[in-house]
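For ligands, and for the atoms within them, numbers begin at 1 and follow the listed sequence. By convention here, the first residue in the shown sequence is residue 1.
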Amino acid sequence: MTYSRLAGTGGYLPEKVLTNAELEKMVDTTDAWIRERTGIHKRHVAADDETTCDLAEHAARRAIEAAALNAGEIDLIIVATTTPDQIFPSTACLLQQRLDIHGCPAFDVQAVCTGFIYALGIADKFIRAGSARNALVIGAETLSRIVDWTDRKTCVLFGDGAGAVVLQASATPGILSTHLHADGQYGALLQVPTGVSKRATEDGDSYPYMEMQGNEIFKIAVNTLGRIVDETLAANDMTQADVDWLVPHQANQRIIAATAKKLKLPEDHVVMTVQEHGNTSAASVPLALDVAIRDGRIRRGETVLLEAFGGGLTWGSALLRY
Ligand code: COA
């Protein structure tokens, strides 16, 4: 039986940092409100000439190096993003060219903040089926491009970044299970109401900005993530005590705390980067994973639960033995 294992991780944050104090000058908000309601202190924002593919490339090169591979050994590239450089080619194809890889499948996955979990689930299935041996899986976003910087309800929450993993075929597991879900009936709670084919809203607005009913999303996120913890543990015949680490989507400290409580995990076994990164959508889970692997917190043999929730609505989890 072939499994997929994490062979290497990488992350990248743009240089420019936007603090809560700076946001106080842009919209009617306070550092205290943002910290108390979300846990966020600062976020990184891409430079004007920096694109999602630029961020993805840095993270990808770091992950490939950590896996001790040459780029030419990568045989599958999946980029999870909601903010691709162009309509097409896909960001995965743009990245493939930059890495001088030719011929392997390369495509984007769009599941908003759950995108990386979706991409990981797809790559895991490619590897288990024998269709790939070294998959490069990336979450990369320049969310700052679709944030309305005059809307205090959303602009304080998001940041830019990229995280990457190399998944490798292995005789020992690796990824134990992935669980992917969506329910389009809640789509309007978190959306960019215009795009490529729908060029304007009923009111005639055409610029693609994010809109969110934060309070509703908050409640659904807490309930849904609680359910997916149960589903993931049951599928693996495990209890909360079998999980060493929670690496959650970094949207809000209070949502993360609720999931940690469900898992009965102490705070020091929950990887939190939301204070420093904000919500980087598809990049948030692989960025947090990379931080905790590189600083030595997550060690080989430990069991790690990844989970995410986002627009769509979409949600998902991956349980893995590192
Ligand atoms: N600064 C100051 N006040 C703000 C503010 C800001 N940046 N944003 C909203 N407020 C105000 C609201 O206008 C409201 O004022 P009112 O009571 O006078 O109407 C008040 O704060 C409370 O708003 P509410 O939306 O109920 O706050 P909240 O405690 O739910 O926190 C979020 C708001 C967005 C932080 C929270 O709902 C959240 O994190 N939701 C989930 C978002 C998410 O995870 N989205 C991505 C999913 S991937």
Side-chain angles (χ1 to χ4, degrees), residues 18-43 80-83 109-119 139-144 146-161 163 180-184 186-193 209-228 247-260 270 272-275 277-288 306-317:
L18 182 65
T19 63
N20 292 350
E22 286 167 288
L23 279 166
E24 284 180 353
K25 294 181 200 136
M26 295 161 63
V27 288
D28 181 15
T29 191
T30 61
D31 175 48
W33 191 95
I34 302 172
R35 282 177 191 247
E36 187 190 315
R37 300 294 180 112
T38 72
I40 300 168
H41 303 179
K42 61 181 187 178
R43 70 288 293 142
T81 188
T82 307
T83 46
V109 165
Q110 211 271 44
V112 200
C113 298
T114 319
F116 177 76
I117 302 288
Y118 268 59
E141 301 278 14
T142 45
L143 259 278
S144 60
I146 55 166
V147 163
D148 176 354
W149 291 101
T150 66
D151 175 15
R152 69 174 184 175
K153 289 188 176 150
T154 51
C155 76
V156 302
L157 304 174
F158 297 96
D160 299 336
L180 309 178
H181 296 282
D183 191 342
Y186 301 111
L189 295 178
L190 176 54
Q191 65 171 342
V192 175
Y209 285 139
M210 198 181 329
E211 297 173 352
M212 183 178 70
Q213 293 180 36
N215 218 303
E216 285 305 306
I217 292 283
F218 189 98
K219 285 182 258 177
I220 299 175
V222 169
N223 289 332
T224 306
L225 292 171
R227 281 206 311 277
I228 208 156
V247 183
H249 172 46
Q250 309 285 323
N252 184 312
Q253 198 169 31
R254 293 183 292 143
I255 298 176
I256 295 173
T259 311
V270 180
M272 279 265 232
T273 52
V274 69
Q275 340 60 274
H277 299 175
N279 180 348
T280 57
S281 191
S284 108
V285 170
L287 262 172
L306 315 178
E307 51 84 343
F309 178 91
L313 294 176
T314 55
W315 63 99
S317 69

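Close contacts of ligand 1 with Arg254, meaning ligand atoms under 4.0 Å from a residue heavy atom, involve 28 (P), 29 (O), 31 (O). Those atoms of ligand 1 that come under 4.0 Å of a heavy atom in Val156, given as number and element, are 7 (N). Short contacts between ligand 1 and Asn215, defined as distances under 4.0 Å to a heavy atom of the residue, involve ligand atoms 24 (P), 25 (O), 26 (O), 30 (O), 37 (O). Heavy-atom proximity to Gly310, at under 4.0 Å, picks out these atoms of ligand 1: 48 (S). Using a 4.0 Å cut-off to heavy atoms of Cys113, the atoms of ligand 1 that qualify are 48 (S). Atom numbering of ligand 1 starts at 1 in the shown order; those under 4.0 Å from a heavy atom of Lys153 are 8 (N), 9 (C), 13 (O). Heavy-atom proximity to Asn252, at under 4.0 Å, picks out these atoms of ligand 1: 35 (C), 38 (C), 39 (O). Atoms of ligand 1 found under 4.0 Å from any heavy atom of Ala251 (numbered from 1 in listed order, with element): 44 (O).
Taking all atoms of both residues into account, the shortest heavy-atom contact from Leu190 to Gly310 is CD2-C, 4.2 Å. When all heavy atoms of Thr29 and Glu24 are compared, the pair lying nearest together is O-CG, 3.5 Å. Across all non-hydrogen atoms, the minimal contact from Arg43 to Phe158 is CG-O, 3.2 Å. Between Ile40 and Leu157, the shortest heavy-atom contact is CD1-O, 3.4 Å. Minimum heavy-atom separation, Tyr118 to Ala182: OH-CB, 3.6 Å. Scanning all heavy atoms of the two residues, the minimum distance from Val27 to Asp151 falls at CG1-N, 4.4 Å.
Counting heavy atoms from C-beta on, the side chains of Arg35 and Asn20 come closer than 4.5 Å.
Contact annotation for atom 14 (C) of ligand 1: protein absent (non-hydrogen atoms, distance under 4.0 Å). Shown here, atom 40 (N) of ligand 1 is in close reach of the protein: a heavy atom of it lies under 4.0 Å off. For atom 20 (C) of ligand 1, the protein comes within 4.0 Å by no heavy atom at all. At a distance under 4.0 Å, a protein heavy atom can be found next to atom 2 (C) of ligand 1.
Taking the side-chain hydrogen bond (donor to acceptor under 3.5 Å, both in side chains) definition, one finds that Asn252 meets it with nothing, sequence neighbours left out. Listed by chain and residue number, nothing satisfies the side-chain contact (heavy atoms from CB on, under 4.5 Å) test with Glu36 (two or more places apart in sequence, or in another chain).
Nearest protein neighbour of atom 35 (C) of ligand 1, counting heavy atoms only, is Thr38 CG2, 3.6 Å. Looking from atom 7 (N) of ligand 1 to the surrounding protein, the closest heavy atom is Arg152 O, 2.9 Å. In this structure, atom 33 (C) of ligand 1 lies nearest to the protein heavy atom Trp33 CH2, 3.8 Å.
Side-chain contact, Thr83 with Glu141: a donor N or O sits under 3.5 Å from an acceptor N or O. Residues Thr142 and Asp160 bring no donor and acceptor atom of their side chains to less than 3.5 Å of each other.
If you look at Asn279 next to ligand 1, the close heavy atoms, those under 4.0 Å, all belong to the side chain. In Thr29, the parts holding a heavy atom less than 4.0 Å from any atom of ligand 1 are both the side chain and the backbone.
Polar contact with ligand 1: absent for His249 (N/O pair, distance under 3.5 Å). At least one N or O atom of Gly214, backbone or side chain, sits closer than 3.5 Å to an N or O atom of ligand 1.
Here the shortest heavy-atom distance to atom 34 (C) of ligand 1, taken over Met212, Gln250, Arg37, belongs to Met212.
Residue Glu307 is tested with Ile117, Val247, Thr259 for a side-chain contact (heavy atoms from CB on, under 4.5 Å); the sole match is Thr259.
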